[in-house]
Undergrad: 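Could you have a look at this structure, given as structure tokens, before my questions?
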Amino acid sequence: QVELVESGGGSVPAGGSLRLSCTAPTHVFNGDCLGWFRQRPGKAREGVALIASDGRTIYADSVKGRFIISKDSAKRTLSVQMNGLEVEDTGMYYCASDPRYGGVCSGWRAYGLQYYGKGTQVTVSS
């Protein structure tokens, strides 16, 4: 198992912003596909933003233009800046990693990633 620790969740009004962060072990941080997934009430877990080991980013259509994923190698921190939050963004957000596929984010949409943190709650009110 890999220890991924999220922080930064909270409650904001619609239109507001939040920044989530996740720390990970060095070998995970440097070599894995990393990402943020969420589980909204009554829905399956879904990927929202991912970053490959080479820095390439992927976003779900629902968050494009609003969420920005980044990583800081020196601090071993993965972050997602969430702007223009909508009520539909409410849910539990999970940091995730996957060492398979050499750092490429392969199959994430259908299969998710291999490891997940415990999650942090994001609540957006109208």
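Here the structure is a predicted model, which is why all the values come from computation and not from measurement. All residue numbers in this chain count up from 1 along the given sequence.
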Undergrad: Can you give me the closest heavy-atom contact between A24 and F29, atom names plus distance?
TA: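 For A24 versus F29, the nearest heavy atoms are CB-CD1, 4.4 Å.
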
Undergrad: Got a sec, which pairs hit side chain to side chain donor-acceptor pair (under 3.5 Å) with one end in residues 106-115, sequence neighbours left out?
TA: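 Those involving residues 106-115 do not exist here.
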
Undergrad: By side chain to side chain donor-acceptor pair (under 3.5 Å), which residues pair with R76, not counting sequence neighbours?
TA: none

Undergrad: Does the S21 side chain pair with the main chain of S79, one donor and one acceptor, at a distance under 3.5 Å?
TA: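 It does not hold such a pair.
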
Undergrad: Looking only at non-hydrogen atoms, find the nearest pair between V87 and S125 and report the distance.
TA: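 V87 and S125 have their closest heavy atoms at CG2-C, 4.0 Å.
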
Undergrad: Mind checking whether Y93 and V80 have side chains closer than 4.5 Å, heavy atoms only?
TA: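 Y93 does not reach V80 side chain to side chain.
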
Undergrad: Between D32 and D98, does the side chain to side chain contact (heavy atoms under 4.5 Å, CB included) criterion hold? Intermediate values first, please.
TA: CA-CA 5 Å; D32 290 12; D98 199 322; 5.6 Å; no

Undergrad: Give me the atom names and distance for the closest heavy-atom approach of G84 to S17.
TA: N-OG, 4.3 Å

Undergrad: Within a 6.0 Å radius of atom CD on E3, are there more than 12 heavy atoms belonging to other residues, nucleotides or ligands?
TA: no

Undergrad: Is there a donor-acceptor pair under 3.5 Å between the side chain of Q81 and the backbone N or O of R19?
TA: no

Undergrad: Does F37 belong to the same Ile/Leu/Val/Met/Phe/Trp/Tyr cluster as F67, with side-chain heavy atoms less than 4.5 Å apart forming each link?
TA: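 Different hydrophobic clusters.
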
Undergrad: So if you build clusters from Ile, Leu, Val, Met, Phe, Trp, Tyr with side-chain heavy-atom gaps below 4.5 Å, do V28 and L113 land together?
TA: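 As far as the 4.5 Å side-chain criterion goes, L113 and V28 are not connected within one cluster.
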
Undergrad: Please determine whether side chain to side chain contact (heavy atoms under 4.5 Å, CB included) holds for the pair C95 and W36, giving the CA-CA distance in whole Å, both sets of side-chain angles, and the decisive distance to 0.1 Å.
TA: CA-CA 5 Å; C95 177; W36 290 95; 4.1 Å; yes

Undergrad: Minimum heavy-atom separation for P41 and G91, please, with both atom names.
TA: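 Heavy atoms of P41 and G91 come nearest at CD-CA, 4.4 Å.
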
Undergrad: Closer than 3.5 angstrom, by distance alone: can the side chain of Y59 be matched with the main-chain N or O of I69 as a donor-acceptor pair?
TA: yes

Undergrad: Using a 6.0 Å cut-off, check whether atom CZ of R56 has over 12 heavy atoms from anything other than its own residue.
TA: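 No.
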
Undergrad: What are the two closest non-hydrogen atoms of L18 and G8, and how far apart are they?
TA: CD2-O, 3.9 Å

Undergrad: Minimum heavy-atom separation for V122 and M82, please, with both atom names.
TA: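 Taking every non-hydrogen atom into account, CG2-CE, 3.9 Å.
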
Undergrad: Using side-chain heavy atoms (C-beta onward) and a distance below 4.5 Å, is Q121 in contact with T90?
TA: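 Touching, per the 4.5 Å side-chain cut-off.
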
Undergrad: Under the criterion side chain to side chain contact (heavy atoms under 4.5 Å, CB included), which of L20, D72, I51, L4 is the partner of L78?
TA: I51

Undergrad: Taking side-chain contact (heavy atoms from CB on, under 4.5 Å) as the test, write out the residues that go with R40, two or more places apart.
TA: R38, K43, E46, E88

